[in-house]
Amino acid sequence: MRWSKYLIPTLKEDPAEAEAVSHKLMVRAGLVRMLAAGIYVYLPLGQRVMEKINAIIREEMNRIGGQEVTMPVIHPAELWQQTGRWYDIGDEMFRLKDRNKRDMCLGMTHEEVVAWLASKEVRSYRNLPQIWYQIQTKERDEARPKSGVLRTREFLMKDSYSLDMDEAGLDRSYELHREAYCRVFERCGLRFYVVESDPGMMGGAGAHEFMAPSPAGEDEVAICSSCGYAANIELACSQPNKPAFPSWRLEEVATPDCRTIEQVSSYLGIDPGLTIKSLMVVTQEGPLLCLVRGDQRLHEKKLFRLIGEFRPAHRDEIKKISQAEAGFIGPLGIDLPILADSCLQEGVYVAGANKDGYHIRGVIPGQHFKARYADLHLAQTGEGCPKCGNTLTVECAIEVGNIFKLGIKYSVPLKAHFLDEKGEARPIIMGSYGIGPARIAAAAIEQNHDANGIIWPKSIAPFQVHLLVVNVSDPKMREMAERLYEELCRNGIEVLFDDRDERPGVKFKDADLLGIPIRVTVGTLAIKEGLVDIRVRRTGEEVRVPEGEGVNRVKARLGGVM
RNA sequence: CGGGGCGUGGCGCAACCUGGUAGCGCGCUUGGUUCGGGACCAAGAGGUCAUGGGUUCGAAUCCCGUCGCCCCGACCA
């Protein structure tokens with residue numbers, strides 16, 4: 001491809017609206033342009049990257065027996081009404097009416113359509129298992145699109161669905177996907193973790209997410225490097241490090257104006273881990289006191305799973321129940337059910353005295369107050385792994401894929417049944433599996449770039465070789481470059497030929513920005529001594545070889561390490 | 001949806017506070033010189049200052065509304 005005839009609008013400066021590295025670079029390198037919040041145009045170069053990624057996904061899906069289909073973007077409301085999601089999902093679903101005022105929606109995912117199809121076409125256990133997949137645009141009216149292509153309202157998704165006759169079959173399909181996904185992300189050159197995830201509204205028995213670590217990611221994962229424990233922070237557990245407990249006796253201490261844990265612990269000169277943080281919440285059943293250790297944070301999702309809907313208590317409610325301001329409430333002598341984090345079962349602490357300006361030192365949970373214990377805290381870097389006790393690290397990551405065991409959540413309402421060997425009708429057991437190709441591209445950039453631009457893994461690079469002529473108006477130089485271009489193409493190598501009439505500096509800068517793995521430069525030495533330069537983008541390593549060897553050297557390079 | 005910020009030639013920004021009719025860099029066009037890491041000279045094109053209303057002799061500038069975009073939070077099937 002000749003750059004002079006191709007649309008690659010590169011930018012010298014970062015776009016004002018971009019924050020994430022991948023966002024800046026994708027715009028600067030001419031991969032994408034934003035049409036509206038969270039809605040993007042993929043320019044030719046971006047499109048090529050997406051096609052590379054999709055091709056890898058297709059290969060791996062086909063390899064596990066996946067069959068590609070294409071399902072509609074527009075769905076009739078009835079389908080979603082039958083599973084109840086029409087009502088469960090709020091503003092995030094794009095809804096519209098057709099000319100006959102019939103309710104429709106834009107597909108945010110395709111479980112309903114798959115279950116519908118299965119209900120029509122799957123009759124017998126002999127038809128199972130099945131894996132159907134598509135690479136299709138999804139529409140979700142995200143409350144807050146962000147980070148360029150990482151969180152958009154319209155996005156491409158590879159989604160697949162497994163149909164099995166029983167749990168064992170689902171386990172097999174799930175495992176096939178897990179392996180296929182690992183191969184996909186490995187082939188795309190990503191660093192990633194497979195983590196346990198919260199099945200959430202998808203419902204069902206089990207779920208994992210594929211997480212590519214990056215500061216731009218909006219998820220957090222807790223990772224144990226020794227035993228391999230890996231979980232989304234939404235359900236990650238940890239063993240908090242134990243502080244050295246002093247031998248306090250129970251007494252009231254004045255803590256004037258110390259409302260926060262930091263204030264109390266610094267005023268008393270103690271480790272925040274020796275305090276108890278008391279939080280009053282109001283549930284369906286009334287108020288409840290939640291306790292976590294002072295150096296911990298309450299995990300609201302975990303609490304929600306334990307007690308259902310809740311809200312923080314209002315100031316006046318706190319005052320009324322505890323006789324004290326929010327900063328001074330505590331578990332002693334309070335007439336409320338108490339739910340405490342498990343790590344508080346051991347030790348002696350400072351807690352609020354339910355009296356303004358005072359705390360109580362020497363509080364021993366179990367002895368001085370009764371509580372129900374549960375895991376309520378957010379896992380943090382440096383704490384112990386729940387499995388092996390070694391140090392956990394918590395890091396940000398981009399969710400590039402997920403796999404869910406759905407079970408019969410969709411097959412029952414949509415009557416996706418089959419007849420088993422005994423002739424009895426049973427609901428199909430489903431699984432649902434997604435990959436975000438654009439997120440793979442963005443994650444690859446997040447993980448592979450330097451100050452000058454992108455450094456594509458060769459598997460998903462838009463081109464393999466960036467051929468650059470230093471001066472197009474020099475006939476000999478141009479001629480040699482043309483020769484090389486033809487020869488490289490003839491050898492099946494994808495080459496972007498920068499034949500623009502630009503200054504060399506501009507072309508070199510653009511080459512670094514685009515990040516194509518190998519750059520071949522035809523310059524003054526080419527015409528003087530017949531030498532061309534072959535440079536590896538990632539390492540900056542450069543060799544000078546005779547023109548005749550150029551193609552073979554490039555091929556050798558592409559075959560080897562990047 | 002709550003909090004904050006921004007909206008000025010294609011891009012990045014200044015002018016706004018203290019009203020007087022818009023400027024810089026990059027890019028773009030033409031000509032010339034240049035050509036191995038974002039060249040130089042000369043000439044040029046391009047802006048209803050997001051939008052609607054108000055205040056004023058006069059509004060990019062002050063006031064109110066609306067829309068759009070970004071960031072933090074909530075949400076995220």
Of the candidates B:rG12, B:rC75, B:rG36, the side chain of A:Ala143 sits closest to B:rC75
In whole angstrom, what separates A:Glu399's CD from B:rC76's P?
13 Å
Using purine N1 to pyrimidine N3 plus N6-O4 or O6-N4 for Watson-Crick, or N1-O2 and O6-N3 for G-U wobble, both under 3.5 Å, which nucleotide pairs with B:rA39?
B:rU33
Pick the closest RNA chain B nucleotide for A:Pro504 and for A:Arg151 by heavy atoms, then say which residue is nearer the 5' end.
A:Pro504
In whole angstrom, what separates A:Lys138's NZ from B:rC76's C1'?
16 Å
Between A:Thr10 (side chain) and A:Arg28 (backbone), is there a donor-acceptor pair under 3.5 Å?
no
Roughly, in whole Å, what's the span from CG in A:Leu468 to P in B:rG37?
11 Å
Work out how far the C1' atom of B:rC11 is from that of B:rG54, and round it to whole angstrom.
34 Å
Which part of the nucleic acid does A:Arg33 contact within heavy-atom distance under 4.0 Å: base, sugar-phosphate only, or nothing?
nothing
Distance, P atom - from B:rG47 to B:rG31, rounded to whole angstrom:
23 Å
Looking only at N and O atoms, is any donor in the side chain of A:Ser473 or the base of B:rC35 less than 3.5 Å from an acceptor on the other one?
yes
Looking across every strand, which nucleic acid part, if any, lies under 4.0 Å from A:Glu13 by heavy atom: base, sugar-phosphate, or nothing?
base
Answer yes when A:Lys277 and A:Asp295 have at least one side-chain N-carboxylate O distance shorter than 4.0 Å, and no when they do not.
no
How close or far is atom P of B:rA39 from atom CZ of A:Phe508, stated in whole angstroms?
12 Å
Is A:Arg140 near enough to B:rC75 that one of its side-chain N or O atoms lies under 4.0 angstrom from OP1 or OP2?
no
A:Gln263 backbone acceptor or donor facing A:Thr260 side chain under 3.5 Å:
yes
So, does A:Lys146 get its side chain near the phosphate of B:rC76, meaning an N or O under 4.0 Å from OP1 or OP2?
no
Taking B:rU51 as the reference, what is the distance to B:rU18 when you measure between their C1' atoms (whole Å, please)?
26 Å
Rounding to an integer number of angstrom, what distance separates B:rU48 and B:rG52 when you compare their P atoms?
12 Å
Closest to side chain of A:Glu502, choosing from B:rC72, B:rC28, B:rA74:
B:rC28
Closest nucleotide among B:rC70, B:rG36, B:rC76 to the A:Glu142 side chain:
B:rC76
When both hydrogen-bonding distances must be under 3.5 Å and the geometry is Watson-Crick or G-U wobble, what is B:rC76 paired with, if anything?
none
Could you tell me how far B:rA60 sits from B:rC17 if I compare only their C1' atoms? Round to whole Å.
14 Å
Which part of the nucleic acid, if any, lies within contact of A:Ser147, taking any heavy atom under 4.0 Å across all strands shown: a base, the sugar-phosphate backbone alone, or nothing?
sugar-phosphate
Identify which nucleotide among B:rC76, B:rG12, B:rG38 has an atom closest to any side-chain atom of A:Arg28, counting heavy atoms from C-beta outward.
B:rG38
Side chain A:His299, main chain A:Lys301, donor-acceptor under 3.5 Å
yes
Checking base pairs now: Watson-Crick or wobble, both atom distances under 3.5 Å. What partners B:rA59?
none
Nucleotide nearest A:Lys12 (side chain, heavy atoms from C-beta), chosen from B:rG37, B:rG27, B:rC1
B:rG27
Examine the base of B:rG36 for any acceptor or donor lying under 3.5 Å from a partner atom in the side chain of A:Thr521, and report the outcome as yes or no.
no
Whole Å only: how far is the CD atom of A:Glu19 from the C1' atom of B:rC71?
7 Å
Give me the distance, rounded to whole Å, that separates B:rG68 from B:rU8 when you measure between the P atoms they each carry.
16 Å
Determine the interplanar angle of the A:Tyr433 and A:Tyr181 rings, folded into 0 to 90°, and report it as parallel if under 30°, tilted if 30 to 60°, perpendicular if over 60°.
perpendicular
Can you tell me the pairing partner of B:rG46 across any strand shown, Watson-Crick or G-U wobble, with both distances under 3.5 angstrom?
none
Could you give the distance separating B:rG25 and B:rA43 at their P atoms, to the nearest angstrom?
14 Å
Atom CD of A:Glu218 to atom P of B:rC75: distance rounded to whole Å?
13 Å
Any donor-acceptor pair under 3.5 Å between the side chain of A:Asp533 and the base of B:rG36?
yes
Give the nucleotide from the list B:rC69, B:rG36, B:rC76 with an atom nearest to the side chain of A:Leu525.
B:rG36
Which part of the nucleic acid, if any, lies within reach of A:Asp510 when heavy atoms closer than 4.0 Å are counted: base, sugar-phosphate only, or nothing?
base
From the list B:rG36, B:rC70, B:rG37, which nucleotide is the closest neighbour of the side chain of A:Lys509?
B:rG37
Rounded distance in Å - CG (A:Asp498) to P (B:rG38)
15 Å
Any base atoms under 4.0 Å from A:Ala511, or only sugar-phosphate, or nothing? Heavy atoms, all strands.
nothing
Residue matched to B:rC67 through Watson-Crick or wobble contacts both under 3.5 angstrom:
B:rG7
Is any NZ, NE, NH1 or NH2 atom of the basic residue among A:Asp474 and A:Lys476 found under 4.0 Å from an Asp or Glu carboxylate oxygen of the other?
no
I'd like to know if A:Glu111 pairs up with A:Arg85 as an ion pair, taking the criterion as any Lys NZ or Arg NE/NH1/NH2 lying under 4.0 Å from an Asp or Glu carboxylate oxygen.
yes
Choose from B:rG38, B:rU34, B:rC69 the nucleotide whose nearest atom is closest to any side-chain atom of A:Glu17.
B:rC69
Whether A:Arg140 side chain and A:Glu154 backbone form a donor-acceptor pair below 3.5 Å
no
Honestly, is A:Arg95 close enough over A:Trp86, meaning NZ or CZ under 6.0 Å from the six-membered ring centre and within 45° of the axis?
yes
5' priority, RNA chain B, between A:Asp14 and A:Met93 [closest heavy atom]:
A:Asp14
Closest to side chain of A:Arg144, choosing from B:rC35, B:rC72, B:rC69
B:rC72
In whole Å, measure the gap between the P atoms of B:rG12 and B:rU55 for me.
35 Å
How many whole angstroms separate atom CG of A:Leu150 from atom P of B:rC70?
13 Å
